[in-house]
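Here's the structure, in structure tokens; my notes come after.
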Amino acid sequence: MKRKLTRFDLQKMKESGQKVVWITAYDYPTAQFAEQAGMDMILVGDSLGMCIYGYEGTVPVTMDQCIVHSEAVRRAAPNTFVIGDMPFLSYQVSVEAAVRHAGRFFKEASVDAIKLEGGRRVCPQIRAIADGGMLVMGHIGLTPQSSGQQGGFKAQGRTADAALELIGDARAIQDAGAFALLVEAVPPEVCRIIRDDLTIPVYSIGAGPEADGQLMISSDLLGVFQAFTPKFVKRYADVAGVVVEAFRAYVVDVREQRFPAEEHTYTMVEGELPKLTEALRG
Ligand code: KIV
């Protein structure tokens with residue numbers, strides 16, 4: 001049976017150059033498939049707002065939604081390191097709120113860690129959550145919850161000044177007690193500098209191959225999310241195509257009375273049909 005990784009395993013993997021591979025999952029079946037496929041970690045991302053609920057961004061996502069989906073993923077993948085994602089306004093308002101909301105993920109959904117977005121400005125929250133005994137991952141670069149300030153879903157750290165800001169944020173996050181850092185939509189050179197600079201693992205989503213591991217959004221990887229495809233996505237399947245094709249075939253079968261066939265129906269208990277006919281006559 002697969003053994004769930006610990007933060008120490010993740011640390012050793014960085015030191016030995018072994019890549020960590022993880023995806024997002026929001027529901028029981030996807031998380032079950034991820035564990036069966038040997039995924040190292042699962043993020044129950046607040047991207048569930050876009051991938052499951054059809055919102056335009058992640059801002060409307062609530063704590064309760066994140067908890068319910070994290071619970072389902074935990075049940076499906078008991079031997080995989082699961083990370084809960086702190087939704088918008090669950091940690092920005094105050095340090096006290098951040099600790100309380102982080103704690104909900106651990107108490108109610110038994111996650112192994114939580115993740116939150118932002119650089120130096122969320123370091124007091126990271127420090128307090130870590131001091132509360134919880135594992136916390138940072139997330140810099142493109143941060144969808146503040147994409148309005150970033151001018152949309154755009155690559156970050158593309159100038160020397162912007163890259164220096166990110167490097168400063170990464171150091172501050174490590175110093176605040178984060179066990180790992182996720183870097184999103186940043187040039188590979190900048191991600192490599194951050195990876196070499198930090199002692200904690202540095203993971204990439206759209207930040208090139210040299211990070212300590214790679215994250216992909218499962219709905220992108222599977223070809224389920226149809227609104228847009230970020231540059232950094234590699235599609236491994238066309239699940240939308242397969243599903244639409246199956247639904248179409250079912251529609252045609254029913255309309256043309258090919259479904260249900262005899263093998264899809266139940267038989268009455270021997271001798272009961274004549275009794276029923278008799279009863280209906282009488
Ligand atoms: O919510 C999420 O899936 C994320 C990724 C975009 C990194 O935070």
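Order of appearance sets the numbers: ligands from 1, and atoms from 1 within every ligand.
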Exercise. Members other than Tyr266 in its cluster, when Ile, Leu, Val, Met, Phe, Trp, Tyr link by side-chain heavy atoms under 4.5 Å?
Worked result: none
Problem set entry | Test item: Asp212 side-chain N/O and Val202 main-chain N/O as donor-acceptor pair under 3.5 Å | yes
Exercise. When you measure from the side chain of Lys14 to the backbone N and O of Ile200, does any donor-acceptor pair fall under 3.5 Å?
Worked result: yes
Exercise. Has Tyr250 got more than 12 heavy atoms of other residues, nucleotides or ligands less than 6.0 Å from its OH?
Worked result: no
For this session: Classify the side-chain pair Gln145/Thr58 by whether it contains a donor and acceptor separated by less than 3.5 Å.
Result: no
Close N/O pairs between ligand 1 and protein, under 3.5 Å:
unit_1: ligand 1; atom_1: 1 (O); unit_2: Asp46; atom_2: N; d: 3.0
unit_1: ligand 1; atom_1: 1 (O); unit_2: Asp46; atom_2: OD1; d: 2.8
unit_1: ligand 1; atom_1: 1 (O); unit_2: Ser47; atom_2: N; d: 2.9
unit_1: ligand 1; atom_1: 1 (O); unit_2: Ser47; atom_2: OG; d: 3.3
unit_1: ligand 1; atom_1: 1 (O); unit_2: Asp85; atom_2: OD2; d: 3.1
unit_1: ligand 1; atom_1: 3 (O); unit_2: Ser47; atom_2: OG; d: 2.5
unit_1: ligand 1; atom_1: 8 (O); unit_2: Asp85; atom_2: OD2; d: 3.4
unit_1: ligand 1; atom_1: 8 (O); unit_2: Lys115; atom_2: NZ; d: 2.9

Problem set entry | Side-chain ion pair, Arg171 and Asp175, N-O less than 4.0 Å | no
